[in-house]
Amino acid sequence: MRQSRHIGRTLREAPKDAQTAAHSLMIRAGYISQLSAGVYVYQPLLLRTLNKISQIIREEMATAGAEELLMPAIQPKELWEESGRWERYTAVDGIMFAFKDRRGSTVCLGPTHEEVVTDILRREVKSYKDLPKCVFQIQTKFRDEIRPRFGLMRAREFIMKDAYSFDADEAGQDASYEAMRQAYHRICERVGYTYRAVEADTGAIGGSGSHEFMVLADSGEETVLYCDTCNYAANQERAESRLEQFPQDAEPRPMEAVLGRGIIGAEKLAEFFKIPLWKTTKTLIYEADDQMVAVMVRGDCDVHELKVANHLNVKVLRLASAEKIRSLTGAEVGYAGPIGLPGHVRVIADHHVKGRVNFECGANQTDYHNINVNFGRDVALPELGDFKLAREGDGCPRCQGRLKAAKGIEVGHIFKLGTKYSQAMNCSYLDANSQTQPVVMGCYGIGVSRMAAAWVEQSHDDKGILWSPQIAPYHVHLIALNIEDEVIRTQAEALYARLQQEGIEVLFDDRPARAGEKFSDADLMGLPVRLTLSKRTLEQGKVEFKLRTEKDSTVLSPDEAVEKIKGVCGIR
RNA sequence: CGGAGCGUAGCUCAGCCUGGCUAGAGCACCUGCUUUGGGAGCAGGACGUCGCAGGUUCAAAUCCUGUCGCUCCGACCA
């Protein structure tokens with residue numbers, strides 16, 4: 001491509017609305033431009049990268065045994081009512097673009113395709129002999145995000161690869177899931193990310209198992225915790241952890257309510273009572289849908305509301321109001337404890353509150369705290385579970401290692417769906433015994449446009465983007481300085497033609513611009529190899545070769561340059 | 001949706017508080033000359049419904065009301 005005819009002008013100054021490096025660089029380098037909130041033009045350079053990413057995905061999907069199709073973006077309301085997700089996606093979360101067509105039928109723009117694909121496969125699959133099946137598509141998705149942000153990172157219209165597997169049973173699903181998991185690893189490796197696959201919460205989509213593929217970058221919105229010893233890794237939303245256990249008192253002491261006027265908060269309590277922080281207890285009162293729940297965690301932990309909500313299987317979980325707390329505990333906020341709560345309050349506790357002798361907790365009386373409390377004697381052992389937020393430095397739940405934290409960008413998410421959609425939408429088959437069985441499904445998503453943004457986020461410097469040869473829009477940026485010089489122009493044209501004949505993708509800067517401008521643009525656009533022709537190289541008939549990732553350049557003959565480029569970019 | 005902020009030239013912004021001449025700067029763009037390996041210099045030029053609507057006023061980019069758009073912080077997600 002000749003740069004003189006290329007669309008996507010570079011900007012010298014960062015646009016004020018761009019908050020992250022990737023967003024800013026992609027605008028400055030002419031890869032994207034904004035049309036409205038969360039809606040972007042994929043300019044020519046970006047489209048080439050997206051196509052390359054898509055090609056890698058297609059190859060790995062084929063290896064995993066998935067067949068490509070393309071489903072409609074326009075979907076009928078009826079399918080969503082059948083799966084039971086219409087309300088949630090429209091009225092409740094409002095994430096779906098829905099409207100009426102000219103005949104008055106309500107339709108929507110697909111935010112995801114479980115409904116449509118299940119509809120397709122239920123007509124396709126009749127017998128256990130028809131299974132397994134796996135399909136995928138690369139398509140534009142529409143989500144009216146509550147808050148689009150960071151350019152392509154969270155857009156309202158974005159490109160996604162979504163795959164769906166259909167199996168006869170759990171064992172089949174496990175195999176399909178595993179094939180996809182491995183495909184996702186290969187995709188991440190081929191692109192060249194520094195990434196981690198982590199255990200994930202299944203969220204709204206539902207299902208039994210789930211992994212997220214996280215590209216590590218400081219600006220990532222997700223926190224991942226991983227073990228420094230074994231291979232345990234999980235999204236902080238779901239991560240478990242082991243806390244340090246401490247030697248306990250040999251004998252229980254008599255419980256007493258002690259006055260600690262205005263002492264609220266675990267740290268203050270520990271200091272006031274001169275006890276270790278782990279002996280204190282946080283008891284938080286929540287409103288969970290229509291029930292009241294008291295959640296206890298050790299004083300050195302925090303409650304993880306998502307874990308609590310999942311355990312209780314409720315939609316809305318929020319801290320109770322001060323009035324509610326007063327009426328339930330008879331005390332001001334800050335003095336709640338498990339002893340003497342009304343019977344209708346469900347008490348649940350993190351595992352780590354157990355196993356302590358003579359611990360502290362609120363006395364449900366303003367300014368008073370109970371000390372030397374013991375389960376079994378003073379209060380019944382509550383329902384136990386994992387309700388605390390895992391943190392960096394906690395022990396690994398699987399081994400004796402410690403958890404470390406990193407920020408990540410979620411580029412892929414794979415789920416075992418089970419029979420949630422197949423049952424709701426009657427996607428079933430006859431087994432060998434002529435029994436009707438629901439198909440067992442899995443779904444597997446990758447944000448294609450987000451992958452490009454994540455790469456830039458992970459791989460850039462102060463001058464611009466650093467593409468890997470695998471997904472760079474072009475392999476080579478061919479720069480001709482002093483192009484008004486006929487000899488240089490002739491040489492440059494010849495080299496441009498030669499490189500293309502060799503199967504090398506070239507962006508040819510044939511503009512009559514100055515050296516500084518061309519070099520700056522090249523750094524900004526970030527193609528892996530830069531070739532420069534100028535008066536300096538003219539007499540020798542050579543060309544200057546420079547990698548974007550390296551500082552120094554070398555002077556090579558055209559033949560040598562071609563060989564080197566092919567080596568670097570893995571061509572043929 | 002709650003909270004905060006911003007809309008003036010293609011981009012980054014000044015001007016607004018305290019209303020008043022023809023609305024400004026830098027970059028980008030066009031012409032000419034000079035320059036020519038890290039975003040050049042000089043001279044000249046083109047580019048604006050000051051987001052939109054209404055109001056106050058002799059007079060509105062500036063004050064008031066409404067509205068639309070965009071960005072950021074929280075809950076959603078690839």
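None of the values given here were measured: they were computed from a predicted structure. Lettering follows sequence order; numbering is per chain, from 1. Atoms considered below: every heavy atom in the structure, side chains included; atoms not considered: hydrogens, waters and symmetry mates.
One cannot find a donor-acceptor pair under 3.5 Å joining the base of B:C73 and the side-chain atoms of A:Gln19. Side-chain atoms of A:Arg149 and base atoms of B:G74 include no donor and acceptor less than 3.5 Å apart. On a pure distance criterion of 3.5 Å, a polar donor-acceptor pair joins the side chain of A:Arg154 and the base of B:C77.
Residue order along RNA chain B, read from the 5' end via each residue's closest nucleotide, puts A:Arg12 first among A:Arg12 and A:Arg147. Each of A:Thr537 and A:Glu221 was assigned the nucleotide of RNA chain B with the nearest heavy atom; the assignment lying further toward the 5' end belongs to A:Thr537.
Rounded to an integer number of Å, the gap from A:Arg530 CZ to B:G38 P is 11 Å. Look at CG on A:Leu481: it is 18 Å from P on B:U35, rounded to the nearest Å.
Between the A:His475 side chain and the A:Pro528 main chain, no donor and acceptor come within less than 3.5 Å of each other.
Judged by Watson-Crick or G-U wobble contacts below 3.5 Å, the nucleotide B:C50 has no partner. Applying the Watson-Crick and G-U wobble criteria (two distances, each under 3.5 Å), B:A9 pairs with nothing in any strand.
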Sub-3.5 Å pairs of nitrogen or oxygen atoms, protein against nucleotides 44-52 of chain B:
none

Show the distances under 3.5 angstrom between N or O atoms of the protein and N or O atoms of nucleotides 5-12 of chain B.
from: B:U12; atom 1: OP1; to: A:Lys16; atom 2: N; distance (Å): 3.2
from: B:U12; atom 1: O2'; to: A:Glu13; atom 2: OE2; distance (Å): 3.3

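Evaluation of the ring pair (Phe, Tyr, Trp, His ring centres under 6.0 Å) rule for A:Phe508 yields A:Tyr496 as partners, not counting sequence neighbours. A:Lys546 pairs by the salt bridge (charged side-chain N to carboxylate O under 4.0 Å, His left out) definition with nothing, not counting sequence neighbours. Legend: residues meeting side-chain contact (heavy atoms from CB on, under 4.5 Å) with A:Glu287, ordered by chain and number and at least two apart, are A:Met292, A:Arg318, A:Ala320, A:Lys324.
Minimum atom distance to the side chain of A:Glu484 is reached by B:U36, of the listed B:C72, B:C77, B:U36.
Applying the side chain to side chain donor-acceptor pair (under 3.5 Å) definition to pairs two or more places apart or across chains, those involving residues 441-456 of chain A are A:Ser165-A:Tyr444.
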